[in-house]
*Asks:* 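Submitted below is the structure of interest, expressed as structure tokens.
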Amino acid sequence: QVQLVESGGGLVQAGGSLRLSCAASGRTFSNYAMGWFRQAPGKEREFVAAIRWSGGTTYYADSLKGRFTISRDNAKNTVYLQMNSLKPEDTAVYYCAADTITNKVRIGVAGSWGQGTQVTVSS
């Protein structure tokens, strides 16, 4: 089991940037693949990005590639999501996910999830 807590969400204007953090505790963080998902009210949960435990391989939703960057700092038990050139359609609750199997994170069936952090992009 691993506990996840997201932070860094907030209100930004279109074109701005935001950096989300996800802090993990309870188990050995370095053994977990990590990912980010987002969900707006009335819409399906959407894959954003994922990163292997080694940090050497990353995955992104095609529509977000080039604007969002996922990274991790295993010494701090933290994964980050850098979001640039934000658009109003990026408005959603962003969730952190973790699992020992990378593909379980990628397809949205990770064993651990955070509580979410709200990101609102104004126009």
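For clarity, every value in this text was computed on a predicted model and none was experimentally measured. Numbering of residues begins at 1 and proceeds along the displayed sequence.
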*Asks:* Nearest 0.5 Å, what's the OG1-CG distance between T69 and N84?
*Replies:* 6.5 Å
*Asks:* To check you understand the geometry: which heavy-atom pair defines the closest contact between S17 and Q82, and what is its length?
*Replies:* CB-NE2, 3.9 Å
*Asks:* For Q39, does the CD atom sit with more than 12 other heavy atoms under 6.0 Å from it, leaving out its own atoms?
*Replies:* yes
*Asks:* Can you measure from CD (E46) to CZ (R38) and round to the nearest 0.5 angstrom?
*Replies:* 4.0 Å
*Asks:* Are side-chain heavy atoms of Q13 and V121 found at a separation under 4.5 Å?
*Replies:* no
*Asks:* Any link between Y95 and V79 through a network of hydrophobic side chains (Ile, Leu, Val, Met, Phe, Trp, Tyr) touching at under 4.5 Å?
*Replies:* no
*Asks:* Tell me, do W36 and E6 make a side-chain contact under 4.5 Å, heavy atoms counted?
*Replies:* yes
*Asks:* If you take all heavy atoms of T78 and K76, which pair is closest and at what distance?
*Replies:* OG1-O, 2.8 Å
*Asks:* Examine distances only and state if a side-chain atom of S112 and a backbone atom of V2 form a donor-acceptor pair shorter than 3.5 Å.
*Replies:* yes
*Asks:* Please output the side-chain donor-acceptor pairs of residues 101-108 that fall under 3.5 Å, not counting sequence neighbours, one pair per line with the distance.
*Replies:*
| from | atom 1 | to | atom 2 | distance (Å) |
| --- | --- | --- | --- | --- |
| N103 | OD1 | R106 | NH1 | 3.1 |

*Asks:* Can you give me the closest heavy-atom contact between A110 and A98, atom names plus distance?
*Replies:* CB-O, 3.5 Å
*Asks:* Of all heavy-atom pairs between A49 and L81, which one has the smallest distance, and what is that distance?
*Replies:* CB-CD1, 4.3 Å
*Asks:* Other than Y80, what residues sit in its cluster of Ile, Leu, Val, Met, Phe, Trp and Tyr side chains whose heavy atoms are under 4.5 Å apart, directly or through others?
*Replies:* none
*Asks:* If we ignore hydrogens and angles and just use 3.5 Å, is the side chain of R67 paired with the main-chain N or O of S85 as donor and acceptor?
*Replies:* yes
*Asks:* Judged by atom type as modelled, is there a donor-acceptor pair below 3.5 Å linking the side chain of D99 to the main-chain atoms of G111?
*Replies:* yes
*Asks:* Got a second to check how far C96's SG is from M34's CE, nearest 0.5 Å?
*Replies:* 3.5 Å
*Asks:* With sequence neighbours excluded, give me every ring-ring contact (aromatic ring centres under 6.0 Å, His included) pair touching residues 98-123.
*Replies:* F37-W113
*Asks:* Taking the side chain as everything from C-beta on, heavy atoms only, tell me whether Y94 gets closer than 4.5 Å to M83.
*Replies:* yes
*Asks:* Checking the side chain of T91 only, and the main-chain atoms of E89 only, is there a donor and an acceptor separated by less than 3.5 Å?
*Replies:* no
*Asks:* Quick one: does Y60's side chain have a donor or acceptor within less than 3.5 Å of a partner on I70's backbone?
*Replies:* yes
*Asks:* Would you name the heavy atoms of A14 and S123 that are closest together and state the gap between them?
*Replies:* CB-CA, 4.5 Å
*Asks:* Could you grab the distance from atom CZ of F68 to atom CG of L20, nearest 0.5 Å is fine?
*Replies:* 8.0 Å
*Asks:* Run through L11, V12, V93 and flag the one making a side chain to side chain contact (heavy atoms under 4.5 Å, CB included) with T120.
*Replies:* L11
*Asks:* With rounding to the nearest 0.5 angstrom, report the CG to CG distance, D90 to L18.
*Replies:* 10.5 Å
